[in-house]
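I have placed the structure first, in the form of structure tokens, so that the comments after it can refer back to it.
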Amino acid sequence: MSDAMPNDCLWPDWPAPPGVVAASTTRTGGVSEGPFGTLNLGAHVGDDPAAVAGNRRRLREALGLAAEPRWLAQVHGTIVVDAAGAGDEPPAADASFTTQSGVACAVLTADCLPVLFSTIDGTAVAAAHAGWRGLAAGVLECTIAAMPAPPDRLLAWLGPGISQPAFEVGPEVRDAFMAADEGAGTAFESNERGRYQADLYALARRRLQRAGVAGVYGGGWCTHADAGRFFSYRRDGQCGRMATVIAIRTCPAPGAS
């Protein structure tokens, strides 16, 4: 790993093979200023483009990536693209997958839930952006369907997102999930304002398990509550974005035989 490692990265605690490199950044360790301080990786939020480019270079060097990650123009939908696909512009999609070494899948978040996938043998990986709209519409199921392995041969890791105490939603959000799964109501707690506190982590785990993915790891952070470590759009409005990235190494992991 490079000495340019962003200094507070989250490393998935999952049994993916050594050939898979994955990480989720925090807001620290970069060169951006103001509300984007300091490791903003989003090019669409109003930050200085030179600072974003510098932060993205740090990320590439830190993870030993052979090329720029396949950034997406996220739209809170269910489209999944091949990260090795041609084209310079970020495609309008909310997930990507790859079977090629040296190609990195990535999603940007600042409250929404990033979800990484790997086959248990490490021959295919994927990253999905799961805000409540995409989650309810089936972005995780669509990502699973795009992978060249059955669900019981997949691992999933939930990165940092907003927690239930901070995520108030209206009844239409609860209805959207319960339309497909009545049991999803257990992930919502009513509050004194006649609205609900939604548990994105629980909703994602439920979707993954119902789709057949038994190996689900991660979760438990709160982007909204930890202002020193995470960007949060719901807390701050204008802010940077963290990146959650996964790739298949082009060379053995350090220390591997």
Side-chain angles (χ1 to χ4, degrees), residues 1-12 16 19-33 36-75 77 79-110 112 114-118 122-130 139 143 146-147 157 159-160 231 239-254:
M1 290 296 174
S2 164
D3 290 339
M5 184 65 231
N7 61 13
D8 195 21
C9 228
L10 305 178
W11 302 97
V20 173
V21 58
S24 189
T25 65
T26 65
R27 68 179 300 165
T28 65
V31 298
S32 292
E33 299 179 349
F36 313 111
T38 58
L39 191 66
N40 168 47
L41 294 156
H44 63 293
V45 296
D47 193 6
D48 178 1
V52 177
N55 289 336
R56 289 183 171 187
R57 176 186 56 77
R58 287 174 177 235
L59 177 66
R60 291 194 307 273
E61 293 177 353
L63 300 185
L65 301 179
E68 187 78 5
R70 183 57 157 164
W71 303 109
L72 306 174
Q74 297 165 192
V75 294
I79 295 175
V80 184
V81 297
D82 186 340
D88 295 329
E89 293 299 316
D94 283 273
S96 65
F97 73 95
T98 189
T99 59
Q100 295 189 24
S101 62
V103 175
C105 302
V107 292
L108 296 169
T109 60
C112 291
V115 182
L116 297 181
F117 294 88
S118 173
T123 57
V125 296
H129 162 244
V139 67
T143 307
M147 295 287 278
W157 182 76
F231 295 116
C239 67
R241 298 293 186 272
M242 287 90 65
T244 301
V245 183
I246 190 165
I248 303 169
R249 295 181 188 274
T250 56
C251 58

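If you're wondering where the values come from, they're calculated on a predicted model, not measured in any experiment. The figures that follow rest on heavy atoms only: side chains count, while hydrogens, waters and symmetry mates do not. Heads up: numbering here begins at 1 and tracks the sequence.
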Test side-chain contact (heavy atoms from CB on, under 4.5 Å) applied to L116 and V125, step by step: CA-CA 8 Å; L116 297 181; V125 296; over 6 Å; no
Would you sort out whether V45 and N40 count as a side-chain contact (heavy atoms from CB on, under 4.5 Å), showing the intermediate values? CA-CA 9 Å; V45 296; N40 168 47; 3.6 Å; yes
Side chains of residues 98-108: which donor-acceptor pairs under 3.5 Å do they make with residues two or more places apart or in other chains?
from : atom 1 : to   : atom 2 : distance (Å)
T98  : OG1    : Q100 : N      : 3.1

Where is the tightest heavy-atom contact between [X] and [Y], given as atom of each residue plus distance?
{"X": "A93", "Y": "V81", "result": "CB-CG1, 3.8 Å"}
{"X": "R60", "Y": "P69", "result": "CG-CD, 4.2 Å"}
{"X": "H129", "Y": "T109", "result": "CD2-CG2, 4.0 Å"}
{"X": "W11", "Y": "A22", "result": "CE3-O, 3.2 Å"}

Inter-residue atom distance [X].[atom1] - [Y].[atom2], 0.5 Å rounding:
{"X": "D47", "Y": "C239", "atom1": "CG", "atom2": "SG", "value": "11.0 Å"}
{"X": "W157", "Y": "S118", "atom1": "CH2", "atom2": "OG", "value": "13.0 Å"}
{"X": "L39", "Y": "R241", "atom1": "CG", "atom2": "CZ", "value": "13.5 Å"}
{"X": "L41", "Y": "F231", "atom1": "CG", "atom2": "CZ", "value": "8.0 Å"}
{"X": "F97", "Y": "R70", "atom1": "CZ", "atom2": "CZ", "value": "11.5 Å"}
{"X": "T25", "Y": "L10", "atom1": "OG1", "atom2": "CG", "value": "8.0 Å"}

Considering residues, nucleotides and ligands other than E33, do more than 12 of their heavy atoms fall under 6.0 Å from its CD?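 12 or below, so no.
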Quick check against the 3.5 Å criterion: does R27 have a side-chain atom that pairs as donor or acceptor with the backbone of G240?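 Absent.
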Side chain of D94, backbone of G77: donor and acceptor closer than 3.5 Å?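 Confirmed, D94 side chain pairs with G77 backbone.
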Set out, in order, the CA-CA distance, both residues' side-chain angles and the distance that settles side-chain contact (heavy atoms from CB on, under 4.5 Å) for V31 and T38, then state yes or no. CA-CA 5 Å; V31 298; T38 58; over 6 Å; no
With a 4.5 Å cut-off on side-chain heavy atoms, are [Y] and [X] touching?
{"X": "L65", "Y": "V245", "answer": "yes"}
{"X": "R56", "Y": "W71", "answer": "yes"}
{"X": "P91", "Y": "L72", "answer": "yes"}
{"X": "S24", "Y": "P160", "answer": "yes"}

N55 and S32: side-chain donor and acceptor closer than 3.5 Å?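 There is such a pair (donor and acceptor under 3.5 Å, judged by atom type) between the side chains of N55 and S32.
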